[in-house]
Structures are given as C-alpha cells and as structure tokens.
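All remarks here apply to the structure that follows.
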Amino acid sequence: MRHSPSHVASTPPVSMVDLVTSTPQLECAIARLAERKTNWLQVSLAQRIQYLQQCCTRLEAVAEAWVEAGCRAKGIDPASALAGEEWMTGPVCTMLGINALIQSLQAQGQPQPLRVTTRPDGQTVARVFPASWSDRLLWLGFQCDVWLQPGHPPTQGFGYRQPSTTGTVGLVLGAGNVAAIAPLDVLYKLFVENQVVLLKLNPVNDYLGEFLLAALHPLLRDGFLAIATGDAAVGQFLCHHPQIDTIHITGATQTYDAIVWGENPAEQTARKAAQTPVLTKPITAELGGVTPIVVVPGRWSGAELRFQARHVASMVAHNASFNCVAGKVLVLAKDWPQREAFLALVQETLAQTPPRTAYYPGAQERYQAFLDRYPQAKPLGDRTESVVPWTLILDVPPQAGEYALSTEAFCGVLAEVSLPGATATDFLAEAIPFVNDCLWGNLSCVVLVDPRTQRQAHAALDRAIADLRYGAIGINAWTGVLFGIPGATWGAFPGNPPQAIQSGCGVVHNAYLFEQPQKSVLSAPFQIVPTPTWFADHRNLQAVARWYAQFLLNSRWQTLTKLFWAALKG
C-alpha cells in the first residue's frame, strides 16, 4: 500500500460527522463514502495505525458515559459491580480489538502466530493466545488456537499482500445487545477487508451513536465511515441501495432471510426453492444459535461441582441471557453418577442469581412460547413485566426438530438433555453427533471436562474437538470469552448455504487476518482462578474492568498490579 496525501480531507460540514437519520442524509452519506472508497485504499499502514491510536484515545474520553448509558438501558445500577459487565463488553472489548489491529498493521498485515502446527490429518492449527506477557499473567492457563479449513495453508492479510485498486462501500447492520459488536465489525471491515463503512445502529441500542461518533471521529471526519440510525425499513433501503457493495449483519436468521429472500415466509420459501434471491450482493452474517454445554462425565470433587454450576449459571445469566452464545442446552450423560447432584447445584445457583431486566424486545413472548411447550419448565424466580426468571427445563427429548433444540430462546431459559454413555469416550461418541446434527446453529459450543478425564480420554476428546462443527469452541471456558480475544475468529462454522444459513457465514475479529479459518478453540483450567470476569457472582467486576481499560491504554506495571488486586477481590 502506498501513501497518498489525497486521503486527507478538509473538515466537512458538521452534518457529515453527526448521526444520519433521514433519507436525504443517507443519500449524502453514501455518496460521500462512494467518493472516498478508493482513497481509503491509498491510506498507508502508518496512517491507519494513527487512525486506530486516535480512536482509542477518544474512546477513553467517552468510556464512562458510554457505560452509564448502557447501564440505564439495561436496568443496571451504574455504581454496582454488575456495571463492570458493560465496561467489559463495551469499551474494554473495543480497546482490545483496536490494540490487536495496531499490532497487526505494525507487522505489515502479516502478524506471526505464536506457533503453527499440523495435525495428523494435515489440518493447520495456529496458536494466537496468549499473545503477550500480560496475557499470560492475566489469563493463567488459557490458550486459544485458530484451526484453518482443511487443505488450506495459513495465509494471512490478503488485502495487504494483494491490495485492491477498486474501493468498496460496506454496510454494517449493528447488533442490539452487546455494545462492542458494532464498532468491532466496523473496524474489521475497514482495516481487514479494506472497505469504507456505513454503520446502521440497531434501534435497541442506538443510544451508542453519540459515543461512537466521538470515539471514531477521525474516520468519520475523513469520509471513511458514517453512522446512521433507523428501523427495519431503513435497513432494507440501505441493503438495496445501488452504491452499497457489501453487507455484514449481526442479528437473527429471520432478518437475514428477509434481506436475502424476501419479506414474507411464502416468498422466502419459493425463492429458496428456485434459488432466486432478492439480494445477490456479498453478505456476511453472525446470526446466533442454540449453544450447547457438553458436560463430559468424570469424578468431580464437591468444589469442582460447585464451580461448574456457577459457570453454567453465568453462561445463562450474562447480559440477561441476551447473547448469541448464551448457554441454552445442558448436555449430560444419563448414567453419570453425579448427574443429579450437578443439576441440583445448577438449579440452586440459578435460583440465587439476581434477576435481570428483560430489556431486549420480545423476551416475554419468546419465554411464553417455551412455557407453552414444556409444562415441566421450572421458573427459579418471580416473573414480572420487566423480568423473565431464570428457568430450567429438564428432560427435553434429544431429537432433531425439538423446540428447545431448534429455537434460540434469547432469554433466561436453560434446557437439559441426557444421552447414553457411562464413560467419557462412550458419551462423547453420542454427544458430538447430537450437538452437530440435532441443535440449530453452529456458532458456539462449550465442553466441560475435568483434567483427570482429559488425560484418560485424551484421544476421544481430541477427536471430539476436531469433529465439532462450530465456529467457537470453549473447553472449560464460556465461548463468550472468545468474543473478547481479538486474535480469535468470530463467526459460524463455514459452509452454511444461503438457503439454510443457520448461524451465518464469514468471520470478524480475526486479528491475525487468516484467510481461510474454520474455527477457534479456547481451552482453560477446569477451575479458573481468580473469579472469571463473566461470572454472575463476581463481587468486584467494575473495578476489574476499569483497571483493565486503564492497562490497555498504558500497559504499566503499576496498573497491572492494581488490576490483579481488584481481580483477587472478585
């Protein structure tokens, strides 16, 4: 890539860096992006790094107000420990992504993985985490690998190895739940895929607009980004605009189908059968799924049972369960001697977990649909107009098409399925085909397995991980953690056709710029110390998150010491 002074624009009218809210403003913003799309290709690596550094500095200035706005919208006391969740899933995750992109660009778009290995079947696996001394200290015992698609070499940074001469205008349809999703998607399109971007915020969290305008101001100012608000009709208008070249969406399968196949089910069915989509533009998507938690049978101590019960409850409760990777199906071995004890602890822990405001639209209706189908559902708290109680549904039939296995609840419901298998090896032989073939979606899967069983059933576990068809796999770690590891890839397992898109297509994050990733696998200790930041009962999360943000900005030993001390109080 070469430097050209033509990328520097004179300061545009104020309206160019405000939120875009009307059709005339949309037309103006798209026209400006189309005019600037080739200029972006001429921005040097050094200048791109400057953009990212400036955005990180500006992000620090608005982080406090950003988090407070998120807390107000989600019914969280901004002074509580729980407010740390908004810090972690907003400013902290965004800073992590920015820092990783800076390091990738400093490596000329070819950052070196920690190591690259080849499995016996020839598949390439790249270690991407822990990537620094601070990662090793902050995430003791954690490791993350990106598995590449079989038959593909570990090539990276195509846009920097073979830069295009034709600019692209990308549309990002933002998610309404987690604050960092939209800015990270925008940065991926800009700095990895070399596209200028129009971001349309989701109406659920369009309050983020003012903070993203401030944080990403350098990119907005110079005409490489615009931010819009609006409803579904605005989204449809933008998707079909002739100057929008590509689309990325984080949302629901229904939204994807409406964009690609038409607005009503009858039209979608007919068009899918005839393979005549309404929209033929390149589109990538992250669309959620029904996340299984596969519990491999072993002999667990009382402390291990209690820890993993807290872990499971936290996978359900995080962000009021409005996560595309929230734990939704607990997969147990029917003959596991500790099955009943573990279920009792999960139930007890969920019952003790404070209720959360059901802020996401449609939660009550989705919850009622589960209650209507499962009379054995056990609410573990009181239902109110603003609260969907954590609810456990035991003994769900393990068969394809079952409602709880084929419908993403997107509220605080956890179903339980039991499968045959007295040993870890026998259970995994049942569980892996079950989660691959009977659950809807292929974004995220968690496997809980104690270290003794890992050693005894090493070959079976290795085969199980290789066979899992999910884009994000957590071994003793909730897959939501993978969202915050910028070196990991984030997206569905590849191969979903547009007619049956399931969890989507394509990836984001991917700070190592791998061109043919298959999945990311994160492994962690069975009992994580100190208390993980995603645990619902973390007593000091806000302090941890604040110090983490400060460390990402200055990387000083003094800050790291304070971060450690805060974490130990969790």
Side-chain angles (χ1 to χ4, degrees), residues 1-12 16-17 32-62 91 93-114 128 131-135 155-170 172 183-197 199 212-227 486-487 508-515 549 551-556:
M1 302 183 70
R2 62 185 180 84
H3 164 64
S4 170
S6 65
H7 92 284
V8 180
S10 59
T11 302
M16 288 297 187
V17 291
R32 187 164 188 251
L33 288 168
E35 177 186 332
R36 302 291 292 158
K37 64 183 182 181
T38 302
N39 297 85
W40 178 244
L41 302 178
Q42 299 169 338
V43 177
S44 69
L45 285 166
Q47 290 171 312
R48 291 185 178 215
I49 291 169
Q50 288 178 3
Y51 275 120
L52 289 165
Q53 291 170 333
Q54 291 167 6
C55 288
C56 201
T57 299
R58 297 180 69 93
L59 172 56
E60 178 189 14
V62 299
C93 274
T94 306
M95 289 177 184
L96 283 166
I98 290 174
N99 286 348
L101 284 172
I102 289 172
Q103 292 167 12
S104 296
L105 297 189
Q106 288 172 338
Q108 309 298 308
Q110 302 288 309
Q112 290 300 306
L114 304 177
V128 299
S132 65
W133 61 269
S134 57
D135 287 342
T155 53
Q156 301 166 266
F158 180 81
Y160 293 94
R161 287 189 296 109
Q162 300 182 32
S164 173
T165 57
T166 304
T168 302
V169 178
V172 170
L184 290 176
D185 290 350
V186 164
L187 294 172
Y188 188 78
K189 290 295 176 182
L190 275 161
F191 291 93
V192 179
E193 296 189 352
N194 281 324
Q195 302 180 18
V196 297
V197 177
L199 165 64
L212 297 182
L213 285 176
L216 305 179
H217 180 270
L219 296 162
L220 288 144
R221 177 199 63 211
D222 289 350
F224 303 129
L225 171 65
I227 303 177
V508 289
H509 301 189
N510 187 26
Y512 282 83
L513 283 62
F514 290 115
E515 292 163 25
F551 179 72
L552 292 172
L553 290 164
N554 60 43
S555 298
R556 294 174 182 164

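All values reported here derive from a predicted model rather than from experimental measurement.
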Minimum-distance pair of heavy atoms, taken over all atoms of [X] and [Y]:
X: Arg48; Y: Leu190; answer: NH1-O, 3.7 Å
X: Cys55; Y: Leu219; answer: SG-CD1, 4.0 Å
X: Leu220; Y: Ala226; answer: CD2-CA, 3.7 Å
X: Pro218; Y: Arg58; answer: CD-CD, 3.6 Å
X: Phe514; Y: Pro113; answer: CZ-CG, 3.8 Å

Hey, does [Y] have a side-chain heavy atom less than 4.5 Å from the side chain of [X]?
X: Gln106; Y: Ile102; result: yes
X: Leu96; Y: Leu552; result: yes
X: Pro183; Y: Val186; result: no
X: Pro111; Y: Gln103; result: no
X: Asp185; Y: Val197; result: no
X: Tyr160; Y: Gln108; result: no
X: Val192; Y: Leu101; result: yes
X: Trp40; Y: Thr168; result: no

Indicate yes or no for a side-chain donor-acceptor contact from [X] to the backbone of [Y] under 3.5 Å, with no hydrogens or angles considered.
X: Gln156; Y: Tyr512; result: yes
X: Arg36; Y: Phe224; result: no
X: Asn194; Y: Ser164; result: no

Listed partners of Tyr188 passing ring-ring contact (aromatic ring centres under 6.0 Å, His included), at least two apart:
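With neighbours one apart ignored, the set is empty.
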My understanding is that only residues two or more places apart in sequence, or in another chain, count here; which of them pass side-chain contact (heavy atoms from CB on, under 4.5 Å) with Glu515?
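With neighbours one apart ignored, the set is Thr155, Phe158, Arg161.
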Asn39 vs Asp222, test: side chain to side chain contact (heavy atoms under 4.5 Å, CB included). Steps then yes/no.
CA-CA 10 Å; Asn39 297 85; Asp222 289 350; over 6 Å; no
Step by step, work out the side chain to side chain contact (heavy atoms under 4.5 Å, CB included) result for Ile98 and Leu187.
CA-CA 8 Å; Ile98 290 174; Leu187 294 172; 3.6 Å; yes
